[in-house]
Engineer: 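Provided herewith is a single structure, encoded as structure tokens, for subsequent inquiry.
Worth saying up front: this structure is predicted, and the values here are computed from it rather than measured. The chains referred to below are lettered A, B, ... by the order of the sequence lines, with proteins before strands, and numbering in each begins at 1.
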Protein chains: 2
Amino acid sequence: MSTLPRATQADVAKLAGVSSKTVSRVFAGTGDVSAATQDRVLTAAKRLRFRPNGLARNLRRGGVTNTIAFVMGDLKNPFYFRVAAGVERELAASGFTMLLATTADAPDSEEVVVDALLSQRVRALLLIPIADDQSYLDGERQLGTPIISVDRPAGNLVADSVVLQNRQGMAEAVRSLTALGHRKIAFISNPSAMYTQRERLAGYREALREVGVTDSARWERLDDDPTIAAESVVRGLLDGDDPPTAVVAGNNRGSHGAIRALRDRMPPVAFIGFDDFELADALGISVVGYDALDMGRTAARLALERLADPTAFSRQIEIPTRMIHRGSGEILPPEK
Amino acid sequence: MSTLPRATQADVAKLAGVSSKTVSRVFAGTGDVSAATQDRVLTAAKRLRFRPNGLARNLRRGGVTNTIAFVMGDLKNPFYFRVAAGVERELAASGFTMLLATTADAPDSEEVVVDALLSQRVRALLLIPIADDQSYLDGERQLGTPIISVDRPAGNLVADSVVLQNRQGMAEAVRSLTALGHRKIAFISNPSAMYTQRERLAGYREALREVGVTDSARWERLDDDPTIAAESVVRGLLDGDDPPTAVVAGNNRGSHGAIRALRDRMPPVAFIGFDDFELADALGISVVGYDALDMGRTAARLALERLADPTAFSRQIEIPTRMIHRGSGEILPPEK
DNA sequence: ACACAATGAGACAACGTGGACATTTCGTTT
DNA sequence: AAACGAAATGTCCACGTTGTCTCATTGTGT
């Protein structure tokens, strides 16, 4: 099982009895080539298993690839997956390919990973910032590479961005609970340092303040350690003295833990999660939902538009959230 | 907001007062360069926002990239997402980058997409086959590109592959039902043409034959149209005359539909799904589970190993499945 | 002081392709 | 039949990098 050498245009040309430029013309589809010549070239190419070298082609064309990179912290979260799906779909529709890379949630590796991608001359960069500072990208931005920040704003960098209505979404959820009479509402989430969680926490506090609750700190559970299970945190809250009558979660992970902790709890505790998930309807779980696929598509579209007009003003787009009522959020507080 | 020109080694060299080869040495980390010279080069490079051109580098080095492509039909299914995560993790650990592409579930586009990737000189190709025939890849295989078929075997092509123990997994699930006395067991899934579904159906039939049930066809519901909701299919079965006492699903989609249809059904109907999912434990759903992440890692590892030894025999690896009992599969058939 | 090795740095070519331009080969018009 | 324009093909070189050589400079041991 030996390995064949890779053929070039020159090899094909020799076999077909033409110049390499003619082979180039055949494969690039440019210029006029007679049907007979084209035939001979294609036959020779097939025999040699020739395939044009995209690297050389892109180099010759001025280092312009049709690849767009999407960098995220980790692939574990299904939310990011749908975002990626949206990006891919939009890019594919425009003839681009998505290069997906992760930074293993390590802020230090972000720059390294991004650098490697930029060296490969990706046409644009979509990034879910994980480090606090993206100023290292400013040089590349000045070179004309579109940089789109996804899910969180970039730090110290002018860039287009697509984020969720985190604050409003969470505020709306909490308001729907306070409207039912809930006042002791717990907020669980982690890690606390993350932009999205900070925003959602702010929305939570805002809605509580509107009904005069200002001492919510004792219901807030934000941990920096992502390995702390939300389930036990919620159990701890409920089993303490003065337990909350409702719980909201700042993200998927929190929701799943809370749902486990709240199952069959008597009296029932109201719950609303952030991020919709499969079978939430079967479980009757109310959530703050949004279109993750659309978020990806929007980010990709921003990149393509900036590619078309590099001088446009940078744009910040917010993807709307919407409260989805399924029962768990409509549980009334127990009578006093 | 004008766009800066992109600098090359030559530009940096001129500014630093050295030859371009010296710049090359600095950035490639090869050869001996004095500290003073290195400093001047790096300063000049920073000022010009220079970043080495990976395209040119790869071309010069003989068209060898560090990119490995993973092609799948669609990103919608969370299962594939975890496979992709596994691939990415394993590749990243070895210094490779994953290029993710989809074929939009269109068999015709598979070859087009793959061809584009191979033109970009990806180092290896991981593929979830969607078309029936992958013989078009044979030429590339002969050129030494590792080709790994994931989740399904490749058609008409010698290739390494990683698949699940579909047949055994499903047989085990059905056996656990027959052991409880179930005989009327429905199988729902789609699309029927897919390899995994054919295998799982075979496992289902095999387990039923072991207890003397040979007329299972009336309980089998495989539809080619993926838009047909599994939920209504299951409802139809249960509301017909002679309803099944247990249901197994061939995949995620089937499970979700079945779970909705079976909720609060009296008398309760036993259920086992294929593919584990988040919160299945909270719902008490028994499933045939497996490690999707491991599947991706294994596929990536196969590619890396073949890269190291292109002449090795091709390998077919099976990822084990395991029955996870959570309650829904342990419901007894109603007394006659 | 001298030969010799080690180190630092440059000149040049080549990777495979496509752009610019030149040249040949036709078919068509008058 | 001469003249002309379009079609078909070829030549040469550059894209940005690095491998191979070559050469200059410095240090080392005797």
Engineer: For Val122(B) and Ala69(B), work out which heavy atoms get closest and say how close.
Structural biologist: CG1-CB, 3.9 Å
Engineer: Send over the distance from Asn58(A) CG to dC15(D) C1', rounded to a whole Å.
Structural biologist: 11 Å
Engineer: Please confirm whether the shortest side-chain N or O distance from Thr8(A) to OP1 or OP2 of dG16(C) is below 4.0 Å.
Structural biologist: no
Engineer: Between atom CZ in Arg121(B) and atom P in dG16(C), what is the gap in whole Å?
Structural biologist: 9 Å
Engineer: Mind checking Thr37(A) for me? I need base, sugar-phosphate or nothing, with any heavy atom below 4.0 Å counting as a touch.
Structural biologist: sugar-phosphate
Engineer: Would you give the length of the straight line joining atom CG of Leu99(B) to atom CD of Gln120(B), rounded to the nearest 0.5 angstrom?
Structural biologist: 8.5 Å
Engineer: Take atom CG of Asp32(B) and atom P of dT7(C), then tell me their distance rounded to the nearest Å.
Structural biologist: 6 Å
Engineer: In this structure, how many angstroms lie between the C1' atom of dG16(C) and the NZ atom of Lys14(A), rounded?
Structural biologist: 15 Å
Engineer: Between P on dG16(C) and CG on Leu59(A), what's the gap in Å once rounded to a whole number?
Structural biologist: 12 Å
Engineer: Going by heavy atoms closer than 4.0 Å, what residues in residues 46-54 of chain B are next to DNA chain D?
Structural biologist: Phe50(B), Pro52(B), Asn53(B)
Engineer: Is any side-chain nitrogen or oxygen of Gln9(A) closer than 4.0 Å to OP1 or OP2 of dG18(C)?
Structural biologist: yes
Engineer: Starting at CD of Gln120(B) and ending at P of dG16(C), how long is that distance when rounded to a whole Å?
Structural biologist: 15 Å
Engineer: Answer yes or no: does a side-chain N or O of Ser24(A) lie under 4.0 Å from OP1 or OP2 of dG18(C)?
Structural biologist: yes
Engineer: What do the steps show when you test Tyr80(A) against Phe70(A) for ring pair (Phe, Tyr, Trp, His ring centres under 6.0 Å), and what is the final call?
Structural biologist: CA-CA 11 Å; Tyr80(A) 291 129; Phe70(A) 183 33; 8.3 Å; no
Engineer: Classify the side chain of Lys21(B) versus the base of dG19(D) as yes if they form a donor-acceptor pair under 3.5 Å and no if they do not.
Structural biologist: yes
Engineer: Rounded to whole angstrom units, what separation is found between the CG atom of Leu55(A) and the P atom of dG16(C)?
Structural biologist: 11 Å
Engineer: Just to be sure I understand the rule, does Ser20(A) reach a base, reach only the sugar-phosphate, or reach nothing, if contact means heavy atoms closer than 4.0 Å?
Structural biologist: nothing
Engineer: Please determine if a side-chain N or O atom of Ser34(B) lies less than 4.0 Å away from the OP1 or OP2 oxygen of dG8(C).
Structural biologist: no
Engineer: Let me confirm one number: the NZ-CD distance from Lys21(B) to Gln9(B), rounded to the nearest 0.5 Å.
Structural biologist: 8.5 Å
Engineer: Start at the 5' end of DNA chain C and walk down; is the nucleotide closest to Ala56(B) or to Arg57(A) reached first?
Structural biologist: Ala56(B)
Engineer: For Arg60(B) and dT17(C), what is the distance between atoms CZ and P respectively, to the nearest whole Å?
Structural biologist: 16 Å
Engineer: Calculate, to the nearest 0.5 Å, the distance between atoms CE and CG belonging to Met98(A) and Leu100(B) respectively.
Structural biologist: 4.5 Å
Engineer: Rounded to the nearest 0.5 Å, how far does CG of Leu137(A) lie from CD of Glu111(A)?
Structural biologist: 7.5 Å
Engineer: Pick the closest DNA chain C nucleotide for Ser19(B) and for Gly62(B) by heavy atoms, then say which residue is nearer the 5' end.
Structural biologist: Ser19(B)
Engineer: I'd like to know if the side chain of Glu140(B) pairs up with that of Thr145(B) as donor and acceptor (distance under 3.5 Å, no hydrogens or angles considered).
Structural biologist: yes
Engineer: On the side chain of Arg6(A), is there an atom forming a donor-acceptor pair with the base of dG16(C) - under 3.5 Å, no angle test?
Structural biologist: no
Engineer: So how far is it from Asn53(A) CG to Thr8(A) OG1, rounded to the nearest 0.5 Å?
Structural biologist: 9.5 Å
Engineer: May I ask you to verify whether the side chain of Arg25(A) and the base of dG10(D) hold a donor-acceptor pair under 3.5 Å?
Structural biologist: yes
